[in-house]
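Read the structure below first, then the notes.
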Amino acid sequence: AQTVTQSQPEMSVQEAETVTLSCTYDTSESDYYLFWYKQPPSRQMILVIRQEAYKQQNATENRFSVNFQKAAKSFSLKISDSQLGDAAMYFCASQGGSEKLVFGKGTKLTVNP
Amino acid sequence: KAGVTQTPRYLIKTRGQQVTLSCSPISGHRSVSWYQQTPGQGLQFLFEYFSETQRNKGNFPGRFSGRQFSNSRSEMNVSTLELGDSALYLCASSSQLVYNEQFFGPGTRLTVL
């Protein structure tokens, strides 16, 4: 069974600064994907970034990047140059094989002007 | 392409009633997944359908059921509603069965009185 743990229920960051959201996971699958999803107050969930477990290189999408530590089963999200529009709930998720997508409990990110 | 649509957006029911929620995936997407989101439990997987077949099922009682039609549209049904069924029900579609980005709909907010 897969599990995903987000240990930070809430985080805050000043506009233009950098913040890192933590995520650890556990899976018995040898091949799996990891995701960060963003859910703004409007509730539409959108994919922020995806990491294939077999790739050693950390994924990057503009201001968003991950630090994937496979041995430690850690998958943190770094947001650089934070913007007010980054305020949202962020969910870490994993999917292995043909299994379901498993989400963490989420981290509420507040961006202060 | 139009995004994932869910109807209705809001629903109020009383205990004991049943409810049917609808999800129309992005055109061409054959996989549809359903999730229940509550403040206490977070995002929990309900079931996944691919080409009209239930591919995965979460740990929910038999009161929760679903189906997928030949045009990939999906419905979920909850019978004998309980207060604890109050939640945001999210639908997500993807073009492949595994390892592919899931696109989420806006959700249906169900309130059980």
Side-chain angles (χ1 to χ4, degrees), chain A residues 1-10 21 23-25 27-55 59 61 64 66 75 88-109, chain B residues 2-6 8-11 23 25-26 29-51 53-60 64 66 87-111:
Chain A
Q2 299 176 89
T3 60
V4 177
T5 303
Q6 293 179 250
S7 59
Q8 307 152 316
E10 295 188 29
L21 308 184
C23 172
T24 58
Y25 64 93
T27 179
S28 57
E29 299 286 339
S30 57
D31 193 15
Y32 54 92
Y33 276 52
L34 298 166
F35 307 86
W36 277 98
Y37 279 88
K38 170 185 176 181
Q39 189 179 40
S42 65
R43 299 286 186 180
Q44 194 98 24
M45 188 95 72
I46 57 173
L47 179 68
V48 174
I49 200 164
R50 180 177 79 173
Q51 174 80 43
E52 295 90 335
Y54 65 87
K55 289 186 177 180
E61 286 288 342
F64 298 87
V66 298
F75 182 62
M89 283 291 291
Y90 286 82
F91 294 94
C92 178
S94 75
Q95 183 180 23
S98 60
E99 294 299 314
K100 61 191 179 187
L101 191 63
V102 176
F103 288 88
K105 294 286 190 184
T107 296
K108 182 180 179 181
L109 179 65
Chain B
V4 178
T5 58
Q6 293 187 245
R9 292 292 310 277
Y10 302 91
L11 206 49
C23 171
I26 291 172
H29 284 192
R30 296 165 64 189
S31 173
V32 173
S33 298
W34 288 88
Y35 300 86
Q36 181 195 65
Q37 185 176 20
T38 59
Q41 298 299 317
L43 278 154
Q44 292 187 288
F45 173 79
L46 280 156
F47 25 67
E48 176 189 15
Y49 287 88
F50 184 82
S51 293
T53 301
Q54 188 178 84
R55 185 68 176 80
N56 276 307
K57 190 178 189 306
N59 296 322
F60 278 82
F64 291 82
L88 181 69
Y89 290 89
L90 294 171
C91 164
S93 76
S94 66
S95 60
Q96 297 176 20
L97 188 58
V98 295
Y99 300 149
N100 208 2
E101 178 180 354
Q102 292 202 13
F103 293 83
F104 283 81
T108 294
R109 169 70 66 186
L110 172 64
T111 302

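In what follows, chains are A, B, ... by sequence order, proteins preceding strands, each numbered from 1. These values consider heavy atoms only, across backbone and side chains, with no hydrogens, waters or symmetry-generated copies.
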Inset, instruction - Can you tell which part of A/I46 gets under 4.5 Å to a heavy atom of chain B, answering side chain, backbone, both or neither? - result: neither
Inset, instruction - Sort B/Q41 into side chain, backbone, both or neither according to what part of it lies under 4.5 angstrom from a heavy atom of chain A. - result: both
Inset, instruction - Measure A/Q39 against the heavy atoms of chain B and call it side chain, backbone, both or neither at under 4.5 Å. - result: side chain
Inset, instruction - Considering only heavy atoms and a distance below 4.5 Å, find which of B/G42, B/S33, B/G105 pairs most often with chain A. - result: B/G105
Inset, instruction - For B/K57, look at atom NZ and say whether over 12 heavy atoms of other residues, nucleotides or ligands are found less than 6.0 Å away. - result: yes
Legend entry - Least distance between heavy atoms, B/F104 atom then A/Q44 atom: O-NE2, 2.7 Å
Legend entry - Between OG on residue B/S94 and CG on residue A/L101, distance to nearest 0.5 Å: 9.5 Å
Inset, instruction - Side chain from CB out, backbone as N, CA, C, O: work out which of these in B/F47 comes under 4.5 Å of a heavy atom of chain A, or both, or neither. - result: neither
Legend entry - Side chain proximity check, A/F103 to B/Q37, heavy atoms < 4.5 angstrom: no
Inset, instruction - Rounded to the nearest 0.5 Å, what's the gap from CG on B/L43 to CE on A/M89? Could you check? - result: 8.5 Å
Inset, instruction - Kindly give the heavy-atom pair with the smallest separation between A/K100 and B/N56, and that separation in Å. - result: N-ND2, 3.9 Å
Legend entry - Gap separating the CG atom of B/L88 from the CE atom of A/M45, nearest 0.5 angstrom: 8.5 Å
Inset, instruction - Ignoring hydrogens and angles, state whether a donor on the side chain of B/Q102 or A/Q95 is under 3.5 Å from an acceptor on the partner side chain. - result: no
